[in-house]
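The next block holds one structure in the form of structure tokens; read it before the comments.
Here is the naming used below: chain letters follow the sequence lines, and residue numbers restart at 1 for every chain. Remember, it's a predicted structure, so these values are computed and weren't measured experimentally.
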Protein chains: 2
Amino acid sequence: MSKDTIGSSPMVTSALIEPEPSVCPRHCVDCHLRQSDGFAPVSASELAFVEALRNGRVRIKAGGEIIAEQKPGGKLFTLYAGWAFRYKSLSDGRRQILNFLLPGDFIGLQGQFADGATHGVEAVTEVALCVFARDSLRDLFREYPNLGYDLTWLAAREESLVDENLLTAGRRNATERVAMLLIHLYRRAQRVGLVQDDSVAFPLNQQHIADALGLSLVHTNKTLRRLRKLGLHQIEDGRLRLVNPKALVRIADYYDRPLRRAPLI
Amino acid sequence: MSKDTIGSSPMVTSALIEPEPSVCPRHCVDCHLRQSDGFAPVSASELAFVEALRNGRVRIKAGGEIIAEQKPGGKLFTLYAGWAFRYKSLSDGRRQILNFLLPGDFIGLQGQFADGATHGVEAVTEVALCVFARDSLRDLFREYPNLGYDLTWLAAREESLVDENLLTAGRRNATERVAMLLIHLYRRAQRVGLVQDDSVAFPLNQQHIADALGLSLVHTNKTLRRLRKLGLHQIEDGRLRLVNPKALVRIADYYDRPLRRAPLI
DNA sequence: CGGTAGATTGAGAGTCCTCAAGCTCTGTGG
DNA sequence: CCACAGAGCTTGAGGACTCTCAATCTACCG
């Protein structure tokens, strides 16, 4: 039954397979992400400006806190490698994962602007981050309007992801929710070049999935299992493979969007 | 029982009471909203720029479509008066309201940037809107970085509202959801000056509430009724009054945030 | 006065949740 | 090399929360 289990030491496995360097390179020109198809090219001067703006490079271990839920403000990050998630929780401990963050995602805009909105960011795997000072934004908008535009682009995209997750939590049933999560994460990962051999390193455990979908752990387990037995997907050795993507798309009522290249700050 | 009903011709009632002009004034200097406490002041030149950018002023009737769900891109708006909502739906008709829009909210950023994200915007009451051309954004960012910054602020705030709604739909039970919606909308309305005499014109019907909370119409009705019988709130003649706000806050596990003044584009 | 929109209510059926154990795999210490 | 503990996955059972179906009722409109 070992091949039937989910997430058994996904960390280790994915670390073995993960092709990305675990630290963000010293110079942005060498950034692995920028060489990927998924990201829009920037001018040399913009790149230099971003690098100058960058305040540091950080690694945080799996499960570590990137932004504490109760401390607003603080720093801004670009996720360079690894998976993370944004979440909010109620005072009795119930937790809702708002969105998963993949390489290239910008972190901290909400806390920066919104009125002390309390939402935390936690690392799923070990992550590598580029750090920016909180007050560097004004400069960015002033000196490189295009980058400001890009930042708004990123904010709007992040919101549209949360929109989708809200539709999922509010109006899809358990089966549809799980199917949606699988196909949606797969597509996002694919976009940033994480898919290899028709599969992607999948570091989430069932509690993550439950918290993202607004389901209980037990029911998430039973639903995942049902979908797997139907031959729709497979999670093995910490990697996700969509065995029958069309069926997943149909169940989830998922729409593939035309994807523009994302800006990268 | 008439005083027990909800939303009986809310439109008419709110039209009688609503103090705002039903059309956005010709010049932004005369904008009612800007005179309110809730919004941040801007420089004269910025104001002039915004007015120049403005492409028109529109009114749309209650129930009318501001942005069609299937047509991305298009125009940008600032909601000047009235209530609206953003929504997404599944192909079988299930609908999720993502967020309600109140005066001062900026509309269309998501569709502008995100990859053809399909989400519609519909008027709840008759609404007055300022219209901006879709390609005017680049100019805005280039010529007035501060306004670009404000736009990102608005995008981030809108997202944090959706975050909150996702927490609600995903992790609160029906009673908590309804309490949350009532207190949250009341506070937002209060912020833009819509509260008078301890009550606010409340144009939503129970279907709106159900679609926003991810509940069925029937269960929404029963939950609302229970809260009313407990003396927590009152919806009468199309106006909402929080009879026991502290209890609502406790039930919903709601946190009042320190509110900065919002920018207004 | 019939027709429509919206609010209410009751009843029965389901989906999803909680509780309670097991099970597997991994890492650790003796 | 084995026992033990911990994290994460599975399963079964009973119950709670929500949903769907079906009517009824009120207010308002032409």
*asked:* Using the salt bridge (Lys or Arg N to Asp or Glu O under 4.0 Å) criterion, which residues pair with Arg94(A)? Sequence neighbours excluded.
replied: Asp92(A), Glu176(B)
*Hey, which of His119(A), Glu69(A), Gln96(A) is the one that makes side chain to side chain contact (heavy atoms under 4.5 Å, CB included) with Arg86(A)?*
His119(A)
*Identify, with sequence neighbours excluded, every residue that meets salt bridge (Lys or Arg N to Asp or Glu O under 4.0 Å) alongside Asp105(B).*
Arg157(B), Arg188(B)
*Give the rounded distance in Å between these two atoms: CG of Asp92(B) and C1' of dT20(D).*
14 Å
*Would you please name every residue forming a side-chain contact (heavy atoms from CB on, under 4.5 Å) with Arg226(A), sequence neighbours left out?*
Thr175(A), Thr223(A)
*Could you run down nucleotides 12-21 of chain C 5' to 3' and tag each one B, S or - for protein heavy-atom contact under 4.0 Å?*
----BSBB--
*So what is the end-to-end bend of the helix from dC1(C)-dG30(D) to dG30(C)-dC1(D), with 5 pairs used at each end and the value given to 10 degrees?*
30°
_Heavy-atom closest pair, residues Ala179(B) and Ile251(B)_ = CB-CG2, 3.8 Å
*Can you spot which of Val124(B), Ile235(B), Thr125(B) makes a side chain to side chain contact (heavy atoms under 4.5 Å, CB included) with Leu204(B)?*
Val124(B)
*Separation of atom CG in Leu204(A) from atom P in dG8(D), rounded to whole Å*: 12 Å
_Is the phosphate of dA5(C) approached by Gln207(B) (side-chain N or O, under 4.0 Å from OP1 or OP2)?_
no
*Can you find a pair of side-chain heavy atoms, one from His233(B) and one from Arg228(B), that are under 4.5 Å apart?*
yes
_I want to check one thing: is the phosphate of dT8(C), taken as OP1 and OP2, less than 4.0 Å away from some side-chain N or O of Asn221(B)?_
yes
*Quickly work out the Lys229(B) NZ to dA7(C) P distance and round it to whole Å.*
16 Å
*Phosphate OP1/OP2 of dC9(D) contacted by Arg225(A) side-chain N/O (<4.0 Å)*: no
*Could you tell me which residues satisfy side-chain contact (heavy atoms from CB on, under 4.5 Å) with Arg95(B), sequence neighbours excluded, listed by chain and number?*
Phe85(B), Tyr87(B), Ser89(B), Ile97(B), Glu122(B), His208(B), Asp211(B)
*Taking CD from Glu236(B) and C1' from dA7(C), how many angstroms apart are they, rounded to a whole number?*
15 Å
_pair Tyr80(B)-His32(B): side-chain heavy atoms closer than 4.5 Å_ = yes
*d(CD, Gln206(B); P, dT26(D)) in whole Å*: 16 Å
*dG6(C) P sits how many Å from His208(B) NE2, rounded?*
8 Å
*Tell me whether the OP1 or OP2 atom of dG6(C) has a side-chain N or O from Asn205(B) closer than 4.0 Å.*
yes
_side-chain N/O Arg228(B) vs dT8(C) OP1/OP2, d < 4.0 Å_ = yes
